[in-house]
*Asks:* 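After the structure tokens below, expect a handful of questions from me.
Throughout, protein chains are lettered first and strands after them, A, B, ... in sequence-line order, and every chain is numbered starting at 1.
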Amino acid sequence: MSVERYNHRVTEPKWQSAWDEAKVYETSNKDDRPGYYVLEMFPYPSGRIHMGHVRNYTMGDVVARYKRAKGFNVLHPMGWDAFGMPAENAAMKNKVHPKEWTYQNIATMRGQLKTLGFSLDWSREFATCDVEYYAQQQRLFLDMLDEGLVTRKNARVNWDPVDMTVLANEQVIDGCGWRSGAPVEQRDLTQWFFKITDYAEDLLTALDSLDRWPEKVRTMQANWIGKSRGLQMSFELCEPIGEFTGLEIYTTRPDTLAGASFMAIAPEHPLALELAKTNEELTQFATEVRRSGTSEEALEKAEKLGFDTGLRVKNPVREGETLPVFVANFILMDYGTGAIFGCPAHDQRDHDFATKYNLPITATFVPADFAGDADEFVADEPHVPTKTEKVHYINQPAGVEHATGAEGIEATINWAEAKTLGKGQVQYRLRDWGISRQRYWGCPIPIIHCDSCGVVPEARENLPVVLPEDIDFEKPGNPLDHHPNWKQTPCPKCGDAARRETDTMDTFVDSSWYFARFTAPRENTPTDSKAANDWLPVDQYIGGIEHAILHLLYSRYFSRAMSATGHMKVSEPFAGLFTQGMVVHETYKGPDGFMAPVEVKVEEQDGKRTATLLADGSDLEIGSIEKMSKSKRNVVDPDDIIDSYGADTARWFMLSDSPPERDVIWTEAGVEGANRFVQRVWRLIAGAAPVLKDCTRAVGEAGDALTVSKAAHKTAMLVAEDVEKLAFNKAVARIYELVNTLAKPFDSVTNGCASKDLQSSCAQAADFLSLIVSPMMPHLAEECWTILGNDTMAAVEAWPTHDAGLVTEDTVMLPVQVNGKKRAELLISKDAAKDEIEKEALALDAVVPYLNGGLAKKVIVVPNRIVNVVV
RNA sequence: GCCCUCUUGGUGAAAUUGGUAAACACAGCGGACUUAAAAUCCGUAGCCUUCGGGCUUGCCGGUUCAAGUCCGGCAGAGGGCACCA
């Protein structure tokens, strides 16, 4: 009897509507079951879903469906990170309104997500560009302002003088604006900042509590925060310049202080600016440095340049000596104090600089194993000290004695503190988060500038500050700024005519709290704090590693800020984090550049793969395997795959083979293999279903029936364990094993030659199998579940409970090694005593010859594992 | 330059965390069914071998009864950060 092929084109839409109608994925905040919040990073509505989304959301969906089956009230929402530059670019290029473009894309992508059968609660959907969402974000901003979490200060931006607009770093190409091609200028603008640096220490130390985060992400965040301890001290100027009597520096290596041979300050350092007022050459030098500073390549290749100011400072270590002060291109104003002392003996960069400008090189220590007279040690190459290295210090100020770098650092700090030259200081690399963007398509900052009252927050009753829709992208500059009347508004304080802030917020703000909003998305305040506290932290967050730093750090900061402003009481937003690998595909290159996989035919002969162009049969080069991207044209459209093979096949392929944290290579053969398995499961169950649907479900008593039951129960247990660990590829392998085991017994059921015992064990196994594959292939699972005679939906069924007695064996096959090499196997009762195992192992035919009639020197018995006989 | 990760058959990988290396799949090869093909099913498969065995997890060394797994060194690949003091 043959079974009709499984037709995904009919089955998948059928079950999608059935789930929708029964609202099986809508989650209530009032539910007695324990809650479980699984979230995947929400997409930017760029136009179409790509394979990376499919992988990300499939993993999340498996977890959501599995947890639902395990009795949790699962929250699994979806939304749109919908503000951002691409919408404005599309507006300028295609003359389409950013709002229209965005909502159109959302509609397309929502439709695509629905065809994948994800168990999402669409009733909670929102886009960050919805007025209802950004209205609450404006409220949050004002609350944070009240709480002292927001500040306003100057920051430098890339300015396009032709388009009269601020450019993001990615819009600056070779130092020129991407549209106008005009050389980019640097401008200082007053901007809004969240004072994330106030939380630097907390954000750093709390990383230790995130034990379900990848180590890699925690390390990256720790490095980004960049805590260091060093010495901040002042070098006295020989002659004061205006108000400047000394030069404040910061160093993490105070133990090299004695080797200082010059001072260097940033071109933007106040002292440099002061000097530049009367020094044309210095002004020119600073301009020059700034110009070459725009392009990254130029920066990397730029050699160390300095400008000797002629000023000198007193050397605090050796009285009477002085050091020259340079303005140098490699000193950053943003870090530390914008000034350093240079120690060429122990720093590569300082060494390069000193060599170029003929400055003295004084070692402050020699390697501990240096044999000669320490004073004769010549530092040809800078020796960069490590903190644990044992060294002989030389040329040190009196009283500073130590054996290792770490001790040297503390000793020098103590010395400097005692002489009141400076003090020990902790520095963070982390900078405050500038959120002002001079763009239209973002959340307006609810601030008003009044000529008499200054900077005034918009009154809460006047919120939301809504983006105007009648805007003009033809004129250069920010549309909000040149809108005819939008910015005109009365001052909330004095009522006089005033102007709105025309800057909008960084889109990272939108994504820093959306996970909290999902817990009560229609609330008239940013959160319903009870709902937020009940659901948060997110139990499992899944997304790409590219968000390891900014998005995740900002979200962690926002949770703290929202706790401080009373919107919730959760400081860490994501208890579990998983970063999945990319979807990659090989590339095909012809004379006209890259070719898309759909245009290419790949053949294999004698292990050699060749690619030809379908259109004309011309030869193509099979290139490297790369992340799917438009530029490499190696993109496979999920829609095409769903159409040809179905969503279940795409989902199954995404979960098979590659561990989820690693990149997965998309191959035609792999997809076909996945589809074969879909069909195989269908044939297995549909073939036997006419017999099985009316059978009682029972555990087999003996023989094949018992084997079937054992396999089904064991798989239910093991797949559960694997899914808990997000080891989807292992779960998939176990399901293959189960299906392999079931093949023959199901054949005999189908052919009508199975015993009653076998029939009922197969009936139960078929139920089990349907429910086990349900998180991964939900449509196929429903269809199987139904034809097996069940009248519920698999999507709401509990995970099959395994019988503990069936998953453990009475006997074990122990490998028996002699001197670490396997020589035999021993079948023995599971709880056999150690000495019994030893006795039986030594009596084995394959072991006896190695004993040469004598005794074993030693026998290691590890119960249920191995026996090793040492002779 | 600093920090992190990875390296197992032709390929993607697995290995109960120190206990039988290569489960499962893809590609391959042989066969069955078919006029033929597709689909399906069965079998086979790390390398060498004098058929007794021997060797094998990037390379070298160490610890251990036992190492893919732990330690030290080296090489290669990938990622993050950075003129960051």
Side-chain angles (χ1 to χ4, degrees), chain A residues 2 5 214-224 226 228 230-231 249-254 256 264 266 293 299-305 328-332 334-343 347-350 352-353 384 386 427-429 431 545-546 548-549 604 606-609 653 656-659 661-665 667-674 676-677 679-680 683 718 721 727 729-740 743-744 747 813-825 856-871:
Chain A
S2 76
R5 265 179 85 78
E215 188 62 47
K216 184 183 182 177
V217 174
R218 290 191 285 168
T219 309
M220 281 164 72
Q221 291 216 350
N223 290 341
W224 185 262
S228 66
L231 170 66
I249 63 98
Y250 174 74
T251 177
T252 55
R253 295 308 304 224
T256 64
L299 255 184
E300 261 168 43
K301 287 172 192 152
E303 61 172 329
K304 316 282 167 284
L305 289 176
N329 62 345
F330 61 92
I331 308 301
L332 298 178
D334 295 332
Y335 189 82
T337 61
I340 63 149
F341 72 80
C343 177
D347 183 285
Q348 182 66 53
R349 203 184 41 201
D350 296 347
D352 295 348
F353 192 85
V384 181
T386 69
Q427 278 277 346
Y428 298 90
R429 208 183 72 96
R431 293 176 215 161
I545 186 80
E546 67 273 19
I549 297 174
E604 178 160 346
D606 305 326
K608 266 191 124 178
R609 301 178 71 247
F653 176 73
S656 313
D657 291 346
S658 284
E661 69 278 9
R662 257 187 246 181
D663 290 351
V664 62
I665 305 172
T667 62
E668 192 67 17
V671 184
E672 277 168 12
R676 267 203 298 278
F677 184 69
Q679 295 294 344
R680 198 170 164 216
R683 272 197 313 278
L718 293 173
E721 287 173 7
N729 56 324
K730 292 185 219 168
V732 162
R734 295 199 200 283
I735 295 172
Y736 273 113
E737 271 178 289
L738 174 62
V739 170
N740 288 343
K744 273 185 186 159
D747 253 7
M813 185 68 86
L814 281 187
V816 179
Q817 298 182 326
V818 178
N819 289 338
K821 290 223 184 297
K822 188 190 155 196
R823 299 295 177 191
E825 280 181 338
K857 267 192 211 144
K858 195 173 173 184
V859 180
I860 289 115
V861 177
V862 185
N864 293 320
R865 275 280 177 275
I866 206 163
V867 179
N868 192 8
V869 180
V870 187
V871 294

*Asks:* Indicate yes or no for a side-chain donor-acceptor contact from A:N329 to the backbone of A:L305 under 3.5 Å, with no hydrogens or angles considered.
*Replies:*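 Confirmed, A:N329 side chain pairs with A:L305 backbone.
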*Asks:* Could I get a table of every N or O pair under 3.5 Å where one atom is in the protein and the other is in nucleotides 69-71 of chain B?
*Replies:*
none

*Asks:* Would you mind pulling out the nucleotide paired to B:A82, Watson-Crick or G-U wobble, both distances under 3.5 Å?
*Replies:* none
*Asks:* Tell me what A:I735 touches on the nucleic acid: a base, only sugar-phosphate, or nothing, going by heavy atoms under 4.0 Å.
*Replies:*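 Answer is nothing: A:I735 stays at 4.0 Å or more from every strand.
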*Asks:* Whom does B:G52 pair with, Watson-Crick or G-U wobble, provided both distances fall under 3.5 Å?
*Replies:*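 The base-pairing partner of B:G52, which may sit in any strand shown, does not exist here.
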*Asks:* Starting from P on B:A85, measure out to CZ on A:F330 and report it in whole angstrom.
*Replies:* 13 Å
*Asks:* Considering every strand shown, what is the Watson-Crick or G-U wobble mate of B:A27 when both distances are under 3.5 Å?
*Replies:* none
*Asks:* Is the ring pair A:F677/A:Y736 parallel, tilted or perpendicular, if the boundaries are 30 and 60 degrees?
*Replies:* tilted
*Asks:* When both hydrogen-bonding distances must be under 3.5 Å and the geometry is Watson-Crick or G-U wobble, what is B:U5 paired with, if anything?
*Replies:*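 B:A77 is the nucleotide pairing with B:U5.
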*Asks:* Do A:D350 and A:F330 have side-chain heavy atoms sitting under 4.5 Å apart?
*Replies:*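 A:D350 reaches A:F330 side chain to side chain.
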*Asks:* Expressed as a whole number of angstroms, how long is the span from A:E546:CD to B:G80:P?
*Replies:* 10 Å
*Asks:* Could you tell me whether A:Y250 contacts a base, only the sugar-phosphate backbone, or nothing, with contacts defined as non-hydrogen atoms closer than 4.0 Å?
*Replies:* base
*Asks:* Distance check, C1' atoms only: B:U50 and B:G73, in whole angstrom units.
*Replies:*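 Approximately 40 Å lies between the C1' atom of B:U50 and that of B:G73.
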*Asks:* Please give the nucleotide sitting opposite B:G61 as a Watson-Crick or G-U wobble pair, both distances under 3.5 Å, or none.
*Replies:*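 B:C71 is the nucleotide pairing with B:G61.
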*Asks:* Dump every N/O contact between nucleotides 1-10 of chain B and the protein below 3.5 Å, one line per pair.
*Replies:*
none

*Asks:* State the CZ-CD1 distance between A:F353 and A:I340, to the nearest 0.5 angstrom.
*Replies:*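 So the gap between those two atoms works out to 8.0 Å.
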*Asks:* Could you tell me the Watson-Crick or G-U partner of B:U40, where both distances fall under 3.5 Å? Say none if there is no partner.
*Replies:*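 For B:U40, the partner nucleotide comes out as B:A32, under the 3.5 Å rule.
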*Asks:* Report all interatomic pairs (protein N or O, nucleotide N or O of nucleotides 52-55 of chain B) with separations under 3.5 Å.
*Replies:*
{"residue": "B:G54", "atom": "OP1", "partner": "A:R823", "partner atom": "NH2", "Å": "3.4"}

*Asks:* Where the side chain of A:I331 is concerned, which of B:A85, B:C24, B:G12 is the nearest nucleotide?
*Replies:* B:A85
*Asks:* When rounded to the nearest 0.5 angstrom, what distance separates CG in A:L814 from CG in A:N868?
*Replies:* 12.0 Å
*Asks:* Over how many whole Å does the gap from A:N819 atom CG to B:C65 atom P extend?
*Replies:*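 After rounding, the gap between these two atoms is 12 Å.
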*Asks:* Mind checking the CZ-CD spacing from A:F653 to A:E672? Nearest 0.5 Å is all I need.
*Replies:* 11.0 Å
*Asks:* Heavy atoms only: give me the nearest A:V732-A:S656 pair and the separation to one decimal.
*Replies:*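 The pair with the smallest heavy-atom distance is CG1-OG, 3.8 Å.
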*Asks:* In whole Å, what is the span from the CZ atom of A:F353 to the P atom of B:C83?
*Replies:* 17 Å
*Asks:* Hey, is the side chain of A:K730 poking within less than 4.0 Å of OP1 or OP2 on B:A14, counting only N and O atoms?
*Replies:* no
*Asks:* Could you list, one pair per line, each protein nitrogen or oxygen that sits under 3.5 Å from a nitrogen or oxygen of nucleotides 18-21 of chain B, together with the distance?
*Replies:*
{"residue": "B:U20", "atom": "O2", "partner": "A:K822", "partner atom": "NZ", "Å": "2.8"}

*Asks:* I'd like the P distance from B:U69 over to B:U63, given in whole Å.
*Replies:*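 Rounded to whole Å, the distance is 15 Å.
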*Asks:* Is there any protein nitrogen or oxygen under 3.5 Å from a nitrogen or oxygen in nucleotides 37-41 of chain B, and what are the pairs?
*Replies:*
{"residue": "B:U40", "atom": "O3'", "partner": "A:R683", "partner atom": "NH2", "Å": "3.4"}

*Asks:* Rounded to the nearest angstrom, tell me the gap between atom CZ in A:R431 and atom C1' in B:C81.
*Replies:* 12 Å
*Asks:* Which whole number of Å gives the distance between the P atom of B:C65 and that of B:G53?
*Replies:*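 B:C65 and B:G53 have their P atoms separated by 27 Å.
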*Asks:* In whole angstroms, how far is the C1' atom of B:C81 from the CD1 atom of A:I545?
*Replies:* 14 Å
*Asks:* When you get a sec, tell me which of B:A27, B:C81, B:G12 is the closest nucleotide to the side chain of A:R429?
*Replies:*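 Nearest nucleotide to the side chain: B:C81.
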*Asks:* Which value, in whole Å, describes the distance between the C1' atoms of nucleotides B:A14 and B:U20?
*Replies:* 14 Å
*Asks:* Establish, with yes or no, whether the OP1 or OP2 oxygen of B:C24 is under 4.0 angstrom from a side-chain nitrogen or oxygen of A:N740.
*Replies:*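 Result: no.
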*Asks:* Report which part of the nucleic acid A:T251 touches: base, sugar-phosphate, or nothing (heavy-atom distance under 4.0 Å, all strands).
*Replies:* sugar-phosphate
*Asks:* For the pair made of CZ in A:F653 and P in B:A27, what is the distance, rounded to whole Å?
*Replies:* 11 Å
*Asks:* Glycosidic conformation of B:G9, syn or anti, with 90° from 0 as the boundary?
*Replies:* syn
*Asks:* Which value, rounded to the nearest 0.5 Å, describes the distance between A:E661 atom CD and A:K216 atom NZ?
*Replies:* 10.5 Å
*Asks:* Please tabulate, one pair per line, each protein N/O and nucleotide N/O from nucleotides 49-51 of chain B that are separated by under 3.5 Å, including the distance.
*Replies:*
none

*Asks:* Rounding to a whole Å, what distance do you find between A:E661:CD and B:G79:C1'?
*Replies:*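 To the nearest whole Å, that distance equals 14 Å.
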*Asks:* For nucleotides B:G46 and B:G68, find the distance between their C1' atoms and express it as a whole number of Å.
*Replies:*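 Nearest-Å result for B:G46 against B:G68 at atom C1': 15 Å.
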*Asks:* Could you identify the nucleotide paired to B:G18, looking across every strand shown and requiring Watson-Crick or G-U wobble geometry with both distances under 3.5 Å?
*Replies:* none
*Asks:* If the C1' atom of B:C24 is compared with that of B:U8, how far apart are they to the nearest Å?
*Replies:* 15 Å
*Asks:* Could you tell me how far B:G1 sits from B:U56 if I compare only their P atoms? Round to whole Å.
*Replies:* 35 Å
*Asks:* If you check every side-chain atom of A:I340, which of B:C24, B:A15, B:A85 has the closest atom?
*Replies:* B:A85
*Asks:* Nearest 0.5 Å, please: how far is CD1 in A:I549 from CG in A:N223?
*Replies:*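 So the CG of A:N223 and the CD1 of A:I549 are separated by 8.0 Å.
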*Asks:* For atom C1', what is the distance between B:C55 and B:G43, given to the nearest Å?
*Replies:* 27 Å
